[in-house]
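Report on the structure given below.
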Amino acid sequence: MSQEHPFAPFVRILGKGKQGSRSLSQVEAREAMEMILDGQVEPEQLGAFLMLLRVKEESPEELAGFVEAVRQCCGAPGTLQVDLDWSSYAGKKRQLPWFILSALLLAQNGVKIFMHGARGHTPGRIYTEDCLPLFGIGPCNDWNEVEAGISRSNFAFMSINTLSPEMGRIVNLRPILGLRSPVHTLCRLLNPLLAKHTVDGVFHPAYGPMHQKTAQLLGVENGLTIKGDGGEAEVKPDDECDLQWTRGDQYSTSEWPRYYPRRLVKQELDTQDLLRLWRGEIDHEYGQGAVISTLALALKLLNKADEPDTCFRMAETMWQGRDRQAF
């Protein structure tokens with residue numbers, strides 16, 4: 001009889017049936033992910049492991065252990081500090097990724113932002129990595145380029161394929177597995193530079209508490225999960241927005257008010273409109289509202305303002321004062 005594979009116990013813990021199965025502890029999850037990252041897992045085991053987690057639904061402890069393992073492999077320099085970690089993994093379908101303008105405007109006002117994400121895993125979506133070249137920004141190929149970008153413009157973007165090639169490979173298994181895996185969630189929570197403020201988006205509100213409880217286990221000081229447009233961290237300006245917060249050891253929920261009192265009509269998607277709106281070459285009611293709404297919420301996360309009205313006014317002032325010729 002052949003000897004049992006070292007990864008088999010982790011699959012057995014998850015798949016032993018209704019009475020015998022359980023979630024992994026944080027330590028077990030870290031050990032399992034370390035084996036995955038080291039290439040010590042057979043493809044059949046990886047598929048079974050991911051889908052058992054998907055059916056069970058991953059726990060905060062499991063996610064925290066996974067994140068710890070992936071962070072170790074990222075090689076992020078401890079000397080590089082940023083103010084805000086912004087994850088972008090969902091892609092946009094019904095609206096353009098207006099949140100990119102909110103992030104660039106924050107950077108223009110001195111907030112150091114590290115954004116990371118994936119692209120191409122779901123057909124028909126517009127991804128951040130494909131839009132940033134409009135602004136002369138390319139994905140960073142290593143941490144030296146990240147440091148240079150932060151030093152130059154307070155903003156840098158890195159693809160998950162560079163940040164963690166194995167995680168990038170697993171993200172792109174979605175068309176093969178037929179379902180998203182827990183990797184989509186853990187990538188959002190990586191925060192490899194250990195920023196004191198983090199923001200991510202979800203499409204399904206039930207994932208929000210899981211994100212923020214994981215953030216607490218990972219020691220995030222100020223974390224925000226937005227039920228954003230298309231699953232990205234972008235506020236719909238014509239609808240209320242559900243929020244999940246972590247402030248130290250305090251977890252809370254709230255609702256962000258709509259910027260416009262009425263619903264707006266959907267417009268055709270042209271990524272060039274992102275740059276045109278920044279430059280003031282077009283009027284785009286939804287786009288401007290999304291930028292201001294998302295920016296206002298980010299200001300609250302960063303403790304720049306508190307009440308929504310104050311946040312909105314500050315965001316409007318920043319938007320009107322942007323350097324339109326910067327890009």
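Values in this document were obtained by computation on a predicted structure and should not be read as measured data.
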### Query
In terms of heavy-atom contacts, does NZ of Lys304 have more than 12 from other residues, nucleotides or ligands at under 6.0 Å?
no
### Task
Decide if atom CZ of Phe203 counts as having more than 12 heavy atoms of other residues, nucleotides or ligands within a radius under 6.0 Å.
no
### Query
How about Asp323: does its CG atom have over 12 heavy atoms from other parts shown lying under 6.0 Å from it?
yes
### Task
For Arg22, check side chain to side chain donor-acceptor pair (under 3.5 Å) against everything at least two apart and list the hits.
Glu28
### Distance flag, aromatic centroids of Tyr89 and Tyr127, threshold under 6.0 Å
no
### Task
Please determine, by modelled atom types, if Lys236 and Ser293 share a side-chain donor-acceptor pair under 3.5 angstrom.
no
### Message
For Thr185 and Arg180, which I'm curious about, is there any donor-acceptor pair between the side chains at under 3.5 Å?
### Response
yes
#### Entry: Thr225-Asp200 side chain donor-acceptor pair, cut-off 3.5 Å
yes
### Task
Can you sort out the partners of Glu166 under salt bridge (charged side-chain N to carboxylate O under 4.0 Å, His left out), two or more places apart, ordered by chain and number?
Arg169
Which side-chain N or O atoms in residues 75-85 pair as donor and acceptor under 3.5 Å with protein atoms at least two apart or in another chain?
from	atom 1	to	atom 2	distance (Å)
Asp83	OD2	Lys112	N	2.7
Asp85	OD1	His116	NE2	3.0
Asp85	OD2	His116	NE2	3.2

### Task
Please identify each residue that fulfils salt bridge (charged side-chain N to carboxylate O under 4.0 Å, His left out) with Glu240, with sequence neighbours left out.
Arg258
## Note on the structure
One should read off an interatomic distance between Glu281 CD and Gln272 CD, to the nearest 0.5 angstrom, of 9.5 Å
### Task
May I ask you to check whether over 12 heavy atoms, not counting those of Gln325, lie within 6.0 Å of atom CD?
no
### CD (Glu57) with more than 12 external heavy atoms under 6.0 Å
no
### Query
Does the gap between the ring centers of Phe312 and Tyr259 come in under 6.0 Å?
yes
### Query
Given the rule in the ring pair (Phe, Tyr, Trp, His ring centres under 6.0 Å) test, do Phe114 and Phe155 qualify, once you have shown the distances and angles that lead to the verdict?
CA-CA 6 Å; Phe114 176 66; Phe155 181 89; 9.0 Å; no
### Query
Parallel, tilted or perpendicular: which describes the rings of Phe10 and Phe7, with under 30° parallel and over 60° perpendicular?
tilted
### Task
Taking the side chain as every heavy atom from C-beta outward, state whether His197 and Asn303 have any atom pair closer than 4.5 Å.
yes
#### Entry: salt_bridge(Glu62, Arg30) N-O dist < 4.0 Å
no
### ring pair (Phe, Tyr, Trp, His ring centres under 6.0 Å) against Trp245, all qualifying residues, sequence neighbours excluded
none
### Query
Does any non-hydrogen side-chain atom of Ile226 lie less than 4.5 Å from one of Cys241?
yes
Side-chain atoms of residues 90-106: list all donor-acceptor pairs with protein atoms under 3.5 Å, sequence neighbours left out, distances to 0.1 Å.
from	atom 1	to	atom 2	distance (Å)
Lys92	NZ	Leu96	O	2.7
Lys92	NZ	Asp229	OD2	3.1
Lys92	NZ	Glu234	OE1	3.2
Lys92	NZ	Glu234	OE2	2.8
Ser102	OG	Val291	O	2.9

